[in-house]
Amino acid sequence: LGFTNVGQAIAATPAKLEKVRLLAEYFSSIDDERLAIATVYFTGHAFPQTDLRTLQVGGSVIYRALGGAAKISDAEFRRIAHSHGDAGKTAFDVLDGRTVSEPFGITDSYKFFEQLQKLRGPVAKKEALQNRLAQLSAREGQYVVKILTGDLRIGLREGLVEEAIARAFNVPLDEVKEANMLLGDIGRTAVLAKNNELERAELSLFRPIKCMLASPEPTAEAIWKRFVDVAAVADRGPASATPATTGEKMPVVYVEDKFDGIRAQLHASRTRSEIFSRDLKRITGQFPEIAEQARQFSEEVILDGEIIAFAEDRKLTFFDLQKRLGRKTDALDLFETSSADVPVIFVAFDLLFLDDRSLLRTALRERRDLLRGLKLPPKFQIASVVAAHSANEIESEFKRARLRLNEGLMVKNPQSFYSPGRRGMFWFKLKKELATLDVVVVGAELGHGKRNHVLSDYTFAVRDESSGELLPIGKAYSGLTDAEIAELTEHFKDNTLVEHGRYREVKPDIVLEVAFNSIQPSTRHSSGLALRFPRIKAIRR
DNA sequence: TCTGATGCGTC
DNA sequence: GTCGGAC
DNA sequence: GTCCGACGACGCATCAGA
C-alpha cells in the first residue's frame with residue numbers, strides 16, 4: 001500500500017525536489033528487503049539492471065489479462081483502452097470496482113514477478129497475471145502494470161531515485177551515484193547507503209560498470225568551443241573533476257572515429273572472459289570467438305570498446321552486425337555455423353582496469369598510453385586516436401572518418417577521468433545527417449502518456465514515380481515542438497479520410513522535411529525502404 | 001511444419 | 001538511436 | 001546541465017495457431 005501511495009503523490013507534483021522529498025521519506029521508513037525492491041521498482045523495472053531475467057510480458061498479455069480479470073466485454077475494454085493509450089491508466093479504469101482486493105505487500109509483488117518470470121509461454125503468463133489482478137485493488141493493479149510495462153510515468157526515474165537515496169540516508173549524492181555505477185544495482189546501492197557502507201562498492205573484474213557516454217554536438221565549431229570554455233575555467237582556478245591544465249595555452253583534444261557497432265565492455269583474465277553490453281547485460285555468448293581470444297591477454301583487463309562487423313580488412317555495416325545480435329544459441333553451435341556468420345572484431349578505445357588497478361581516476365591520456373602498451377590477440381584492434389588543435393582540424397578528421405565509412409567522430413578531453421554512466425562535458429560525438437527527404441503524411445495516430453489526446457505520430461510516404469502511388473517509408477514525431485504538434489492535430493482532425501481506432505488515414509497534403517542518417521531495405525513499409533533515425537526537420541508550407 | 005504476432009535489446 | 005521540455 | 005518522456009529502425013527468439 002505504501003508503494004502505490006507514494007507513487008501517486010510523486011505523480012501529483014511536477015516539482016523534482018518535492019518528488020525526491022516524498023521518495024526519501026518513504027525509503028527511510030522501510031526495511032532493507034523492501035528498500036532493495038522499491039528502489040528498483042521506482043526505476044521502472046521488476047528486476048535489477050544486471051539481472052538477465054526478463055518477464056516476457058508485454059502489452060498484448062497485459063491487455064488480455066486485464067480484460068479477463070475485470071470480466072468485461074471486448075467492446076467495453078477497447079473503449080476504455082482507446083480512450084487513453086496508457087496501460088497503467090487503462091488498468092485502473094478497467095479494474096476499478098471489478099476486483100476483490102486482498103492484502104498484497106511489496107515483497108508479495110516481488111515473489112509474484114519471480115513466479116511470472118518462471119512461467120513459460122504467453123498463455124500461462126496471461127492466466128497468472130489475470131488471477132493476480134483480480135485480487136488487487138485497482139490502484140495496486142495499475143502499479144503492477146506500470147512496472148511490467150516499464151513505464152511509471154510519474155516523472156521520476158533512476159536519477160531522482162539516486163537523489164532520494166542520498167537524502168534519505170544522509171550520504172553524499174556523488175557517492176550514491178558512484179556506487180550505483182559500480183554495482184549496476186540500485187537496490188544494493190540503497191542498502192549500502194542505508195548501512196553507511198557505500199565504500200564497499202568498488203571496480204572489480206567481471207562486474208560490469210555503466211559506460212561513459214558522449215554528448216551530441218552538431219558541428220566541429222560547437223565542440224571546439226566546449227573545450228575552449230573548459231580550458232578557460234581550468235586556468236582560473238583549481239579544476240574540480242579534471243587535473244589542472246596549467247602550462248598548456250592551446251587546448252588539445254583527442255579525436256577518434258565513431259564506429260557503428262555495439263558498445264561493449266570486455267573483462268578478461270587468463271582463465272575467464274566476459275563481454276557486457278551498454279546496459280550491463282552479459283553478451284558473452286553472442287560473441288564466443290571474441291571471448292575466447294580475450295583470454296590471451298597477459299594482463300587482467302577491462303576494455304571499453306565497440307564490436308563491429310568486419311571482414312577481410314573491410315568494414316561491414318551495422319545492418320550486417322544485427323544478424324548476430326539477440327542470439328541465444330550456445331557457443332558450440334555458433335562455431336559450427338560460423339562460416340555463414342558475420343565476422344566481428346573488438347575495437348578498443350579505453351582501458352578501465354589493469355592488473356588489479358582501477359583506472360577510472362586516471363587521465364584519458366595515460367589510459368590511452370597503457371592501452372597502447374597491451375599486446376592484442378587477433379580480432380582485437382585499438383581505435384586510432386589523433387590530437388586536434390582547432391575546429392578546422394576536427395572538421396577535416398570528420399571528413400576522413402566518413403571516407404573510412406564510419407559514422408562520425410568522438411572528441412574527448414585527454415585530461416578527463418572516466419565517469420561511468422555520465423553523459424558529461426568530457427566526451428562529445430559529432431554525427432551529421434546523411435540527407436533530408438520531403439515526404440507527405442498519409443496517416444496520423446494518437447500518442448501515449450502526455451500525448452494522449454494529440455495526433456503526434458505520423459506515417460509518411462513518398463511517391464512511386466512509375467505507378468504514381470504513395471508508398472509509406474517511415475514514421476516520426478521527433479523534432480516537432482508541442483505547439484507544432486497541436487497545430488497539426490487540428491489540421492489532421494479536419495482532414496481525416498478513414499478512422500481505425502487510434503489511427504487514421506489523412507488527406508496527403510502536409511509535406512514534412514525529414515532528416516535521416518541512412519536508408520535501408522525494409523519489410524515493414526510498402527515502399528520497401530526505411531530511414532534510420534528519422535526526425536522532422538521542418539513543416540513545408 | 002510453417003507463419004505471423006509478440007517481446008526484447010541493439011542502435 | 002533522435003528530440004523537446006521542465007526543472 | 002541534467003533528467004525525463006515520447007518517439008524511430010532493425011533482427012532474433014519464442015510461441016500459438018493455421
Side-chain angles (χ1 to χ4, degrees), chain A residues 13-20 43-44 52-64 85-86 120-126 148-163 177 213 215-216 226 258-264 277-281 283 286 306-308 317-329 342 407 421-425 429 431 433 445 447-452 454 456-460 473-485 514-525 529-537:
Chain A
T13 170
K16 284 186 187 173
L17 286 176
E18 178 64 5
K19 288 176 194 281
V20 169
T43 64
L52 286 177
R53 290 176 296 177
T54 55
L55 285 157
Q56 299 290 132
V57 171
S60 173
V61 170
I62 290 170
Y63 281 142
R64 276 181 281 144
D86 171 327
R120 311 294 299 169
V123 173
K125 287 173 194 275
K126 178 250 174 192
L148 287 174
T149 59
D151 279 325
L152 249 39
R153 297 185 205 262
I154 58 173
L156 170 145
R157 278 193 110 78
E158 196 163 15
L160 297 192
V161 175
E162 287 173 339
E163 288 187 34
K177 283 184 179 292
L213 304 171
S215 302
R226 293 284 193 178
K258 184 177 193 311
F259 298 95
D260 192 7
I262 66 163
R263 187 76 177 269
S277 69
R278 191 179 131 163
D279 57 355
L280 312 186
K281 305 291 180 203
I283 53 170
Q286 288 176 47
E306 191 95 0
I307 291 176
I308 62 170
T317 64
F318 184 75
F319 189 69
D320 297 312
L321 179 63
Q322 271 184 307
K323 293 179 177 51
R324 285 197 57 172
L325 266 36
R327 282 202 191 162
K328 283 180 180 165
T329 40
V342 179
E407 261 191 308
R422 289 263 171 81
R423 196 186 293 276
M425 294 291 116
K429 58 179 167 182
K431 291 167 71 172
E433 64 211 27
E445 194 170 353
H448 300 270
K450 43 182 187 191
R451 306 210 186 287
N452 203 353
V454 287
S456 62
D457 188 356
Y458 312 121
T459 302
F460 46 75
I473 192 171
K475 294 165 67 179
Y477 106 91
S478 175
L480 293 180
T481 62
D482 286 356
E484 288 169 320
I485 292 173
V514 175
F516 58 96
N517 286 46
S518 61
I519 193 159
Q520 53 199 179
S522 166
T523 55
R524 294 189 190 185
H525 299 294
L529 296 171
L531 308 179
R532 192 174 183 208
F533 310 145
R535 60 267 193 193
I536 300 167
K537 265 300 236 319

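Within every chain, numbering begins at 1; the chains are lettered A, B, ... in the order of the sequence lines, protein sequences first and strands thereafter.
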Practice item. Please work out if Arg64(A) contacts a base, only the sugar-phosphate, or nothing of the nucleic acid, heavy-atom cut-off 4.0 Å. Key: nothing

Practice item. Hey, which sits more toward the 5' end of DNA chain C by its nearest nucleotide, Leu213(A) or Pro14(A)? Key: Leu213(A)

Review point. Considering only side-chain heavy atoms of Lys475(A), which listed nucleotide, dC15(D), dG8(D), dG5(D), is closest?
Key: dG8(D)

Exercise for review: Check every strand shown and say whether Gln56(A) touches a base, only sugar-phosphate, or nothing at a heavy-atom separation below 4.0 Å.
Suggested key: sugar-phosphate

Point to revise | Whole angstrom value for the distance that separates P of dC10(D) from CD of Gln322(A) | key: 9 Å

Practice item. Using atom CG of Asp320(A) as one end and atom C1' of dG11(D) as the other, report the distance to the nearest whole Å. Key: 12 Å

Check your understanding: Which part of the nucleic acid does Asp151(A) contact within heavy-atom distance under 4.0 Å: base, sugar-phosphate only, or nothing?
Key -> nothing

Exercise for review: Find the distance Lys281(A):NZ to dC12(D):C1' and express it as a whole number of Å.
Suggested key: 17 Å

Review point. Does the ring of Phe318(A) carry Arg532(A) above it, NZ/CZ under 6.0 angstrom from centre and within 45° of its axis?
Key: yes

Exercise for review: Could you check how far OH of Tyr458(A) sits from P of dA6(D), rounded to whole Å?
Suggested key: 15 Å

Practice item. May I have the step-by-step check of side chain to side chain contact (heavy atoms under 4.5 Å, CB included) for Leu529(A) and Ser522(A), ending in yes or no? Key: CA-CA 5 Å; Leu529(A) 296 171; Ser522(A) 166; 5.5 Å; no

Review point. So what does Ile154(A) touch, heavy atoms closer than 4.0 Å: a base, only the sugar-phosphate, or nothing?
Key: sugar-phosphate

Review point. Contact class for Lys537(A) (heavy atom, under 4.0 Å): base, sugar-phosphate, or nothing?
Key: nothing

Practice item. Would you mind classifying the nucleic acid contact of Lys125(A) as base, sugar-phosphate or nothing, using non-hydrogen atoms under 4.0 angstrom? Key: nothing

Exercise for review: Compare all side-chain heavy atoms of Lys450(A) with those of Arg153(A) and state whether any distance is below 4.5 angstrom.
Suggested key: no

Review point. How is Lys19(A) classified with respect to the nucleic acid when contacts are heavy atoms under 4.0 Å: base, sugar-phosphate, or nothing?
Key: nothing

Exercise for review: State whether the side chain of Ser215(A) and the backbone N or O of Met425(A) hold a donor-acceptor pair below 3.5 Å, judged by distance alone.
Suggested key: no

Review point. Mind checking whether Ile62(A) and Leu148(A) have side chains closer than 4.5 Å, heavy atoms only?
Key: yes

Exercise for review: Decide yes or no for Lys429(A) and Glu407(A): does some side-chain heavy atom of the first lie under 4.5 Å from some side-chain heavy atom of the second?
Suggested key: no

Practice item. Round to the nearest Å and state the distance from Arg327(A) atom CZ to dT14(D) atom C1'. Key: 16 Å

Practice item. Please check if any side-chain donor atom of Asp279(A) sits under 3.5 Å from a side-chain acceptor atom of Ser277(A), or the reverse. Key: yes

Might you list the N or O atoms of the protein lying below 3.5 Å from N or O atoms in nucleotides 3-5 of chain C, with each pair's distance?
{"unit_1": "dC3(C)", "atom_1": "OP1", "unit_2": "Arg535(A)", "atom_2": "NE", "d": "3.4"}
{"unit_1": "dC3(C)", "atom_1": "O4'", "unit_2": "Ser478(A)", "atom_2": "OG", "d": "2.9"}
{"unit_1": "dG4(C)", "atom_1": "OP1", "unit_2": "Gly479(A)", "atom_2": "O", "d": "3.4"}
{"unit_1": "dG5(C)", "atom_1": "OP1", "unit_2": "Asp482(A)", "atom_2": "N", "d": "3.0"}

Review point. So what does Ser215(A) hit on the nucleic acid, given a heavy-atom distance under 4.0 Å: a base, only sugar-phosphate, or nothing?
Key: nothing

Point to revise | Side chains of Ile262(A) and Gln286(A) in contact at under 4.5 Å (non-hydrogen atoms) | key: no

Check your understanding: Do any N or O atoms from the side chain of Lys19(A) and from the backbone of Thr13(A) form a donor-acceptor pair under 3.5 angstrom?
Key -> yes

Check your understanding: CZ of Arg120(A) versus P of dA16(D): gap in Å, rounded?
Key -> 10 Å

Review point. Is a salt bridge present between Arg451(A) and Asp482(A), judged by a nitrogen-to-oxygen distance below 4.0 Å?
Key: yes

Point to revise | Closest to the Lys177(A) side chain, choosing from dC3(D), dC12(D), dC15(D) | key: dC3(D)

Study note, to complete from the structure: Closest of dC4(D), dT2(D), dG11(D) to the Met425(A) side chain is dT2(D)

Check your understanding: Counting only N and O atoms by type, is there a donor-acceptor contact under 3.5 Å from the side chain of Glu306(A) to the main-chain atoms of Gly261(A)?
Key -> yes

Check your understanding: Nearest of dG1(C), dC4(D), dC10(D) to any side-chain atom of Phe533(A)?
Key -> dG1(C)

Review point. Looking for any heavy atom pair under 4.0 Å, which part of the strands does Leu531(A) touch: base, sugar-phosphate only, or nothing?
Key: sugar-phosphate

Review point. Nearest-Å distance, CG (Leu156(A)) to P (dC7(C))?
Key: 14 Å

Exercise for review: Select base, sugar-phosphate, or nothing to describe what Lys126(A) touches, counting heavy atoms under 4.0 Å on all strands.
Suggested key: nothing

Check your understanding: Hey, does Arg524(A) reach any base, or is it just sugar-phosphate, or nothing, if we go heavy atoms under 4.0 Å?
Key -> base

Point to revise | Phosphate-side-chain proximity, Ser522(A) and dC10(D), N/O vs OP1/OP2 below 4.0 Å | key: yes

Practice item. Give one of base, sugar-phosphate or nothing for Asp457(A), where a contact means two heavy atoms less than 4.0 Å apart. Key: sugar-phosphate

Study note, to complete from the structure: Min and max contacting nt of DNA chain B in 5' to 3' order, chain A heavy atoms within under 4.0 angstrom, are dT6(B) to dC11(B)

Review point. Heavy atoms under 4.0 Å, any strand shown: does Phe319(A) hit a base, just sugar-phosphate, or nothing?
Key: sugar-phosphate

Practice item. Take atom CZ of Phe460(A) and atom P of dC7(D), then tell me their distance rounded to the nearest Å. Key: 15 Å

